[in-house]
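Input: a single structure, listed below in structure tokens.
The structure presented is a predicted model; accordingly, all values stated were derived computationally and were not measured. Along the sequence shown, the residues carry numbers beginning at 1.
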Amino acid sequence: MTTTFKAPAAETGAVAKAAVWFDERTSVSGAVKELGRKIFPDHWSFMLGEVALYSFIAILLSGTFLTFFFDPSMAHVEYEGSYVPLQGMGMSAAMASTLDISFDVRGGLLMRQVHHWAALLFVASIMLHMARIYFTGAFRKPRELNWVIGLVLWVIAMLEGFSGYSLPDDLLSGNGLRIVDGMIKGVPVLGTWISFWLFGGEFPGDAIVGRLYSLHIMLLPAVLIVFLVLHLLLMVVNKHTQWPGPGKTEGNVVGNPVLPVFAGKAVGFMFLVLGLIFFIASTFQINPIWNYGPYDPSPVSAGTQPDWYIGFGDGMLRLIPPGLEVPIGTSYTITFAILIPFAFMGLFVIGLFVYPFIESWITGDKREHHLLDRPRNVPFRTALGAAWISFYATMWAAASSDLIATHFHMAMEHVIHFLQFWLIIGTFIVYFVVHRACIALQKGDRNLALHGHESGRVVRLPHGEFQEIHVPLTDDEQFEMQYDNFVPVQPYTDANGKKQGKLRARLSRWFFADRIEPVTKAEIEASKHHHGELH
């Protein structure tokens, strides 16, 4: 029997009266009570999504501060701020106001750097979070929609980053916009018109900063917040995934309730993330636009790099061989040096969106999944994900091909040719190596589950044989090594006697190729009985 102590003073206090007044008009207590009972498992990998959320909070706080001082205008002004090397130089009002924020607004430079570092961490944590979801199979039914929403958040985050990166109108961001202008103009027939409309005339025009500013502070953040709320809502509705372990099933969640345990830890972790962002922003310089100067279409600085998360687009442009232009009559030229990168990047992103549905179709698995997979136990998925990352990383590295060549004293052509080779052939090499590594790890797990850990103790049996004593696995370790023994889809015969599903069956066999059968309970018991005297 339990008793609850009531504090009479609290019931008549001002806070209690205000809470009752608010609840009587909103019935919010029911929602708070229901949410407070939600259980969240405790594992470090689940914190990647939290890092993204807290980084976004830092972006909102610092961005709100910056909007009070930034002038999103491309009108020509003469700089008269306190940075002496640029005094008297002509530039846009956007560039001048950014310099004023950096040198004349108290705390302005800190807020600029917090905003930039938080944006980089935001995109990085989203990508790591999505990688965790992919490699553990957390995108499977009923979470396919949440996977799509997460990818939309990733795309919006990159657009947000690029639009903000372009606002200062310095030489570095202007060169980035110049690349975008060239890509747009590479689209047959419509490209020139789209560029003219977007920039308000011939590049650089006089409207792009104002339009990007509207996107950056209003439209994109609003869409991002809507999708973020949907993402969190679906996570609550579908309940949280969890790693296999004793007492953990597809029908329960083992962990801590939101109130007060999880909420308290989350708030503490939020302040840790915010503190880390402010510490980095205080000690590491980023985007020193005063070193680049205002944008001028005529010079292009050597070694200019976009922010890392959009580097894959620039890198893909560098990897395309020259001479892929096809003239059509005397009026148009189709440049495959632009269209092929568009196709590669489109396939890369679209493939991520549709993968959960393709895997479900190939495997025929329509069950709900709330327990996570160990990546080694799904070799095909893990190898494909590693190959996907290799493909992305190669495009990303190509964006720094000039810096790689100068820092390592290599010819630019050699760097490009190697990256071209690795983009295609290297992707298959990574797939094969990771697939075989997963198979090898599965074999090792099977042997470990049947025989236990090596203890290093060797004994001599009565008949003269020497054997090493093995230590049995704990229950937690046994649970970690269990996984579904799902079988490939088989072809079937329809009502007309025709065989159907051959392609699906072939892909399904490929998906499950070489996978090691999981250890059964009967095998574990037999192993214990056989080696019982040595344990």
Report task. Check whether any side-chain heavy atom of Phe162 lies under 4.5 Å from a side-chain heavy atom of Leu177, and answer yes or no. Result -> yes
Query raised in the report: Is Phe511 close to Glu359 at the side-chain level, that is, under 4.5 Å between some pair of heavy atoms?
Result: yes
Query raised in the report: Who pairs with Arg436 by side chain to side chain donor-acceptor pair (under 3.5 Å), at least two apart in sequence or on another chain?
Result: Asp514
Query raised in the report: Is the CZ atom of Phe428 crowded by more than 12 outside heavy atoms at less than 6.0 Å?
Result: no
Report task. Kindly write out the residues that satisfy salt bridge (charged side-chain N to carboxylate O under 4.0 Å, His left out) with Arg140, not counting sequence neighbours, or none if the list is empty. Result -> Asp373
Query - Any pair counted as side-chain hydrogen bond (donor to acceptor under 3.5 Å, both in side chains), so long as it reaches residues 149-167, sequence neighbours left out - result: Glu160-His216, Ser163-His216
Query raised in the report: More than 12 foreign heavy atoms under 6.0 Å from CZ of Phe342: is that the case here?
Result: yes
**Report entry** Residue pairs, two or more places apart or on separate chains, that pass side-chain hydrogen bond (donor to acceptor under 3.5 Å, both in side chains) and touch residues 221-231
**Finding:** Asn146-His231
Report task. With the side chain counted from C-beta on, respond yes when Leu53 and Leu228 share a heavy-atom pair under 4.5 Å apart, and no when they do not. Result -> yes
Query raised in the report: Does a sphere of radius 6.0 Å around CZ in Phe269 hold more than 12 heavy atoms from other residues, nucleotides or ligands, not counting ones at 6.0 Å or beyond?
Result: yes
Query raised in the report: Do you know the tightest heavy-atom contact between Pro41 and Thr241?
Result: CG-O, 3.2 Å
Query raised in the report: Among pairs that include at least one residue of residues 387-396, which meet side-chain hydrogen bond (donor to acceptor under 3.5 Å, both in side chains), considering only residues two or more places apart or in two chains?
Result: Ser390-Trp422
Query raised in the report: Less than 4.5 Å apart, any side-chain heavy atom of Arg112 and any of Asn287?
Result: yes
Query raised in the report: Angle class for the Phe344/Phe391 ring planes (parallel below 30°, perpendicular above 60°, tilted otherwise)?
Result: parallel
Requested in this report: Verify the neighbour count for atom CZ of Phe279: are there more than 12 heavy atoms of other residues, nucleotides or ligands below 6.0 Å?
Outcome: no
Report summary line: Note: Arg143 and Lys239 closest approach over all heavy atoms is NH2-O, 2.8 Å
Requested in this report: With sequence neighbours excluded, tell me which residues meet side chain to side chain contact (heavy atoms under 4.5 Å, CB included) with Leu276.
Outcome: Ile280
Report task. Count the heavy atoms belonging to other residues, nucleotides or ligands that lie under 6.0 Å from CH2 of Trp308, then report whether that count exceeds 12. Result -> yes
**Report entry** side-chain hydrogen bond (donor to acceptor under 3.5 Å, both in side chains) partners of residues 115-134, not counting sequence neighbours, each pair once
**Finding:** Ser62-His115, His116-Asp307
Query raised in the report: Is atom CZ of Phe46 surrounded by more than 12 heavy atoms (other residues, nucleotides or ligands) closer than 6.0 Å?
Result: yes
Query raised in the report: Taking the six-membered ring for Trp, are His417 and Phe421 ring centroids under 6.0 Å apart?
Result: no
Query - Atom pair CG/CD1 of Asp170 and Ile289 - distance to nearest 0.5 Å - result: 5.5 Å
Report task. Could you check His240 against Gln242 for side-chain hydrogen bond (donor to acceptor under 3.5 Å, both in side chains), going step by step and ending with a plain yes or no? Result -> CA-CA 7 Å; His240 208 292; Gln242 59 185 344; over 6 Å; no
Query raised in the report: Excluding sequence neighbours, so at least two apart, what forms side chain to side chain contact (heavy atoms under 4.5 Å, CB included) with Asp314?
Result: Ile179, Pro306, Arg318, Ala399
Report task. Report, as yes or no, whether the 6.0 Å neighbourhood of atom CD on Glu325 holds more than 12 heavy atoms from other residues, nucleotides or ligands. Result -> yes
Query - More than 12 heavy atoms from other groups under 6.0 Å of NE2 on His414 - result: no
Query raised in the report: Is the closest side-chain heavy-atom distance between Leu419 and Leu423 below 4.5 Å?
Result: no
Query raised in the report: Which residues pass the salt bridge (charged side-chain N to carboxylate O under 4.0 Å, His left out) test with Arg211, sequence neighbours left out?
Result: none
Query raised in the report: Where do Ile320 and Leu324 come nearest, in terms of heavy atoms and distance?
Result: CG2-CD1, 3.5 Å
Query raised in the report: Minimum heavy-atom separation for Met395 to Leu319, with atom names?
Result: CA-CD1, 4.5 Å
Report task. With rounding to the nearest 0.5 Å, note down the distance linking CG in Leu159 to CG in Leu220. Result -> 6.0 Å
Query raised in the report: Is the shortest heavy-atom distance from the side chain of Phe139 to the side chain of Glu144 under 4.5 Å?
Result: no
Query - Gap between atom NZ of Lys141 and atom NE2 of His369 - 0.5 Å precision - result: 9.0 Å
Query raised in the report: Does a side-chain heavy-atom distance below 4.5 Å link Ile277 with Tyr54?
Result: no
Report summary line: Nearest heavy-atom contact between Gly200 and Ala207 is CA-CB, 4.3 Å
Query raised in the report: Would you say Tyr295 and Asn175 make side-chain contact, with heavy atoms under 4.5 Å?
Result: yes
Report task. List in chain and number order the residues that pass side chain to side chain donor-acceptor pair (under 3.5 Å) with Ser360, two or more places apart in sequence or in another chain; answer none if no residue qualifies. Result -> Lys366
Query raised in the report: Who passes salt bridge (charged side-chain N to carboxylate O under 4.0 Å, His left out) against Lys185, sequence neighbours left out?
Result: Asp181, Glu202
Query raised in the report: Considering all heavy atoms of both residues, which atom of Phe353 and which atom of Val148 are nearest to each other, and what is their separation?
Result: CE2-O, 3.7 Å
Report task. Using the test salt bridge (charged side-chain N to carboxylate O under 4.0 Å, His left out), find all partners of Asp296 that sit at least two apart in sequence or belong to another chain. Result -> none
